[in-house]
There are 2 protein chains.
Amino acid sequence: MAPSKLKSAETDAAPRRRRKSVVAVDGETERPVTRIQREKQDIILEAALEVFSLHGFRGATIDQIAERAGMSKPNLLYYFPRKDEIHRRLIGQLLKTWLAPLEEMDANGDPFPEIRSYIRRKLEMARDFPRESRLFANEMLQGAPRIIEMIEVDLKNLVDEKARVLLAWMDQGKIARTDPYHLIFSIWATTQHYADFDVQVRAVLGPGRGGEGRFEDAARYLEHLFLYGLTPRPRSIDKMSGKS
Amino acid sequence: MAPSKLKSAETDAAPRRRRKSVVAVDGETERPVTRIQREKQDIILEAALEVFSLHGFRGATIDQIAERAGMSKPNLLYYFPRKDEIHRRLIGQLLKTWLAPLEEMDANGDPFPEIRSYIRRKLEMARDFPRESRLFANEMLQGAPRIIEMIEVDLKNLVDEKARVLLAWMDQGKIARTDPYHLIFSIWATTQHYADFDVQVRAVLGPGRGGEGRFEDAARYLEHLFLYGLTPRPRSIDKMSGKS
DNA sequence: CAGAATTTTGACCAGTTGGAAAAATGTTAG
DNA sequence: CTAACATTTTTCCAACTGGTCAAAATTCTG
């Protein structure tokens, strides 16, 4: 039903010294080597995603993760000797995936199609990867203790860059002049809301409108919001250019 | 510096049987009776808000709360015999306060000033009560196990009512025709973002723009977004009517 | 298949957690 | 002042937590 995992795209060309169990010298977990290791680590990460995203780091227990992964706790610890290494791995993978949609926003494209696509992509991520979204939200709520540097460096740089793109579009009169940073924030907020506050959204919409169609409704609404705002306008002006 | 607590406005006219310790018959915690009880409970709730909002229910410990409240764990347990009763009380108080800004939105007022004020009020709450916002967000992330009924009844009813108000405004051509539920969601999302993702916001804005002014910037931006969207417009058209 | 390496298990542990009991210490009305 | 109640502290506990370890079971490789 739901796409289960974010692909890691992490093949790591270096062959490394093998034959040494999964646990590495300096406390870091090595890349999986055997087929079994790869499989089991994936199973564990999948289970951990479920549990961490629901209870946060402190609220999640290794036992819960192990149970969901269908293995004993010591067995799990054989693959990830520390709880926080599982978490670190998840978060590490996550941020890259999280930034991807924004990275795709192309300075050379048409502003409105670019922005609209960005919103769509973010909304799709909220729909297809809600647990990842919640994991991220949990980390943020707790003050992002484990990823603050990534936020301050990688994320900030990317946003700075894209803010410049937006500013350029504003200078060219292609989109309204407004604050590019808060613009980006508002796209994050509105889209991730549908993952992080899913319970609320569904409860408020009720069984009818809270069904599968809610993401399409949201997409339509957000498109309108970011394009026109709430100012009433006469009959059919052509919608956002660049169709589909 | 920061306003510390949401006022409870809970005087509870009923005199009740007194003299019976704080613990009530059926496991429920009674309303505080003596001056000391009221004070201590307030201190505890304040400490608990801090801890719960940061770590979520499972991640928070009674010891942490007790320490922050400046008392021993058993002493704290004298006032709230169960951990989850502290949480329940916090959440209970919270939801009422949380709904207030939306309740104020007046069907007889002018749409744009009403909506704009609502956004302002929500943004002020994000600024002045970030812990309350995070407590709420934490609960949502976990699937709202402890308040789902309130969400499904009280919150839903209120939103339904206000959605009708918005629809009426749309019918009268006073605001653009769009989805009233998702409109409300987007206001929640964009404003609460500044409390729940505060770390990220500050990190991305950097030391300069991430300072105290960020809420004013956000207010200005959101006003523009909800009024006009991103469609570029010619020179000064009058801003949202109905000042301050 | 044998031997080596990998994987899994069961027993265990020290620290933490939510909470109970009861004794000790205030506080206050009569 | 003192009995009755309210509050606080001390001590304790059973369940849970993250994590260790050695032995057993399994898988892989030649």
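What's counted below: heavy atoms across the whole structure, side chains too, no hydrogens, waters or symmetry copies. Just so we're clear, the structure is a prediction, and the values are computed from it rather than from any experiment.
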Verify the contact: side-chain N or O of [X] to OP1 or OP2 of [N], cut-off strictly under 4.0 Å; return yes or no.
X: B:Tyr79; N: D:dA6; answer: no
X: A:Gln37; N: C:dT7; answer: yes
X: B:Lys40; N: D:dT8; answer: yes
X: B:Ser72; N: D:dT8; answer: no
X: A:Asn75; N: C:dT9; answer: yes

Nearest whole Å is fine: how far is [N] [atom2] from [X] [atom1]?
X: A:Leu77; N: D:dA22; atom1: CG; atom2: C1'; value: 16 Å
X: A:Gln41; N: C:dT7; atom1: CD; atom2: C1'; value: 13 Å
X: A:Asp84; N: D:dG19; atom1: CG; atom2: P; value: 7 Å
X: A:Ile65; N: D:dC16; atom1: CD1; atom2: P; value: 17 Å
X: A:Ile44; N: C:dT8; atom1: CD1; atom2: C1'; value: 12 Å
X: A:Leu76; N: C:dT9; atom1: CG; atom2: C1'; value: 14 Å
X: A:His87; N: D:dG18; atom1: NE2; atom2: P; value: 13 Å
X: B:Tyr78; N: C:dT25; atom1: OH; atom2: C1'; value: 13 Å

Please determine if [X] and [Y] form a salt bridge, counting it only when a charged side-chain N lies under 4.0 Å from a carboxylate O.
X: B:Lys96; Y: B:Asp154; result: no
X: A:Arg146; Y: A:Asp84; result: no
X: A:Arg164; Y: A:Asp160; result: no

*On DNA chain C, check which nucleotide each of A:Met71 and A:Arg58 is closest to and give me the residue with the more 5' one.*
A:Met71
*With A:Ser133 as reference, evaluate A:Asp196, A:Thr191, A:Asp128 under the side-chain hydrogen bond (donor to acceptor under 3.5 Å, both in side chains) test and give the passing residue.*
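Exactly one option meets the side-chain hydrogen bond (donor to acceptor under 3.5 Å, both in side chains) with A:Ser133, and it is A:Asp196.
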*In terms of the nearest nucleotide of DNA chain D, which residue is placed more toward the 5' end: A:Thr61 or A:Pro74?*
A:Thr61
*Quick one: the side chain of A:Lys83 and the base of D:dG19, do they pair up donor-acceptor inside 3.5 Å?*
no
*asked:* Heavy atoms only, 4.0 Å cut-off, all strands: where does A:Ala60 land among base, sugar-phosphate and nothing?
replied: sugar-phosphate
*Got a second to check how far A:Ile86's CD1 is from A:Ile62's CD1, nearest 0.5 Å?*
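Rounded to the nearest 0.5 Å, the CD1-CD1 separation comes to 6.0 Å.
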*Please tell me which of the listed nucleotides, D:dT20, C:dG19, D:dG18, lies nearest to the side chain of B:Arg82?*
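The answer is C:dG19.
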